[in-house]
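These notes are about the structure you will find just below.
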Amino acid sequence: MLVLLAALAFCLGAVLLGVLIGPVSISPVDVLQELADRLPFVSVDSGLNERLAAIVWDIRMPRVLLGGLVGATLAVAGGAYQGVFRNPLADPYLLGVAAGAGLGATLAITVGGSSDALIPVAAFAGAIVAVLLTYVLGAAAGGRRTGVTLILAGVAVAAFFTAAQTFVQQRNSDTVREVYSWILGRLSTAGWTEVVLLAPYAAVTILVLLTHRRLLDVLSVGEEEAETLGVNTGRVRLIVVAAASLGTAAAVAVSGLIGFVGIVVPHTVRLMAGTSYRSILPLSVLGGAGFLIVADVVARTALSPMEIPIGVVTAFVGGPFFAVVLRTSGRRA
Amino acid sequence: MRSMLRLWAAIWFTVVLVAAGCSDDHGGEAGAASVPEVERIVSASASHTEILYALGVGERIVATDMTSNFPAAAEETEKVDAFNVSVEALAAFDPDLVILSYDPGDVVAGLETLGIDTLLFSPPSTLEDVFDQIRELGEAVGRVEEAAVLIGDMEGDISAVIGAVPEGVEAPTYYYELDPNLYTVTSDTFVGGIFAMLGLENIADAVDDGTGFPQLSSEYVLQMNPDFIFLADIKCCDQSSAMVAERPGWGTLDAVTGGRVVELDDDVASRWGPRLVVLMTTVTEAVYG
């Protein structure tokens, strides 16, 4: 309970940090007044001119919210994948989501002339196709959809889609920078449109995964043991994988490939709050949201007013941070 | 099982033999003739393709890179991939002059080994660099006089354009967009230098990261509120002034509300050929009416 409150505080602190800090310095009081002014029934004059107000409300706010939604979705999906496959290295991109989305986005950018609205749709479609293919392939190979065959099928599908993506990219070298910037992940061009696109998928994913968190605990003792306890492991796996993949696909579609969140956040949570999925998943939602928002603050302020790709920051900040957590918790144990 | 193996061995052998035969053929042709006049040119640089046509040797171009699309005749030539050229692909056209603006690694050395004359041009920093390249190209294809005339014409046109820039007014500020991720140029770059000549002040100069091509944040552009926005990502990335107006927060920019978002032709804006004059005219007309 205490941990949950701490995670909530971290998440809210990150949101606050996210709207207060940016390449343009605006006084915190003005920012808060501007935000208060946007609440229904509240009218405060922040004294900001039209453009500064737009910075707060049209750029920072949606960017923080999008970062939070993407971080929460990726972290909870990563945690769920790790549980359902009983594999600590599982991440949200395990079943080919990233490669599929990458191919979809690359096709949209090269063939579709990169009309901005098309990229998320194509990336989402590519991700879903890749996961479906993985599932079908895994089923065909394994008969029973055991975790291992699914993971192997995911490797094969990801390799195939990545190869196809690289091929298309090389054939269209004039758009290579655009593709590359998508691959590195981006929240920089985010607006309310992306928030609205992602929100329903994120909500469904988080809700479904949270309601299945007890079953993940049962699964973690072993597949056969879970079956004897009356759990339909095949069905649970299908639901969890479907929900996690759906959310990941939607997150990737609006923000590109942001690595590391789905692996480092659930593990950090696990090291700090124990190994039960009943606490790991909700804490991953909050921790993932907070982590990505903070990473994005670093991304847009470290070299301000230039931007560092968010995927670079998550790995660069997340790697050492995770090492520290690993060390301190190791000492405790 | 054994017969399968034998079959594979046979196939493999055939492939090796055929491959060996091919390379033999090529070996026999290489270095057979030395042509005094340049007759077959491969240009893997769009700017230099434009210059070659302007020098009147367009019909000698046998292949260009995929970005060479001007003049229209350049599109009819065979194509190579400028970012992915291989010595063999270039040599296959049997050229006596290859022009590159980028060497992905040892291509120049490889072509020299084959005895093919190669010119590798770096992107220019100043107008003088451009004229030097035109001169050098003219010498290489035996059109020295035409090159001098072209340079003279460009100099005349450019000084006329610069002469029309009003003096004593406060320099209008501008943001130059290379792509929708807000990559831009500073005045230290070639194209930025052109804008400086036309009396414009670049909002990215304050944040140069040493590359000359920094990426800006949306917030920064809104804060600086430039007088003009020049889009050089119309063709590459399908941007337009309408789309710029719809970006989060950008509707509040004076350049957007005042209709001062200028759509440039990406190709003209990113090349350093005879059409530099077109770029400069477009910009001055948009800014000073």
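Values below: all heavy atoms of this structure, side chains included; hydrogens, waters and symmetry mates excluded. To find a chain, count down the sequence lines: A is the first, B the second, and so on, and within it residues start at 1. As the structure is a prediction and not an experimental result, all values here were calculated from the model.
- Atoms OG1 and CZ, on A:T193 and B:R247 in that order, are 12.5 Å from each other to the nearest 0.5 Å.
- Shown here is B:D106, whose CG atom has no more than 12 heavy atoms of other residues, nucleotides or ligands within 6.0 Å.
- The local environment of CZ in A:F316 is sparse, with at most 12 non-hydrogen atoms from other residues, nucleotides or ligands closer than 6.0 Å.
- Only the backbone of A:A190 comes within contact range of chain B, with at least one heavy atom under 4.5 Å from a heavy atom of that chain.
- Annotation: ring pair (Phe, Tyr, Trp, His ring centres under 6.0 Å) contacts involving residues 15-62 of chain A, sequence neighbours excluded, comprise A:W57-A:W192.
- Around atom CZ of A:R171, no more than 12 heavy atoms belonging to other residues, nucleotides or ligands sit under 6.0 Å away.
- For B:S218, the parts lying under 4.5 angstrom from a heavy atom of chain A are both the backbone and the side chain.
- Contacts of A:R51 with chain B are made by both backbone and side-chain atoms, with heavy-atom separations under 4.5 Å.
- A 6.0 Å sphere centred on OH of A:Y201 holds no more than 12 heavy atoms belonging to other residues, nucleotides or ligands.
- Against chain B, the residues from residues 14-35 of chain A that qualify, each with a non-hydrogen atom under 4.5 angstrom away, are A:G22, A:P23, A:V24 in number order.
- Shown here is A:F160, whose CZ atom has no more than 12 heavy atoms of other residues, nucleotides or ligands within 6.0 Å.
- Residues satisfying the salt bridge (charged side-chain N to carboxylate O under 4.0 Å, His left out) criterion with A:R60, sequence neighbours excluded, are B:E219.
- For the residue pair A:I59 and B:P248, the shortest heavy atom distance occurs at CG1-O, 3.7 Å.
- Residues of residues 249-260 of chain B lying under 4.5 angstrom from chain A, judged on non-hydrogen atoms, are B:G249, B:T252, B:L253, B:D254 in numerical order.
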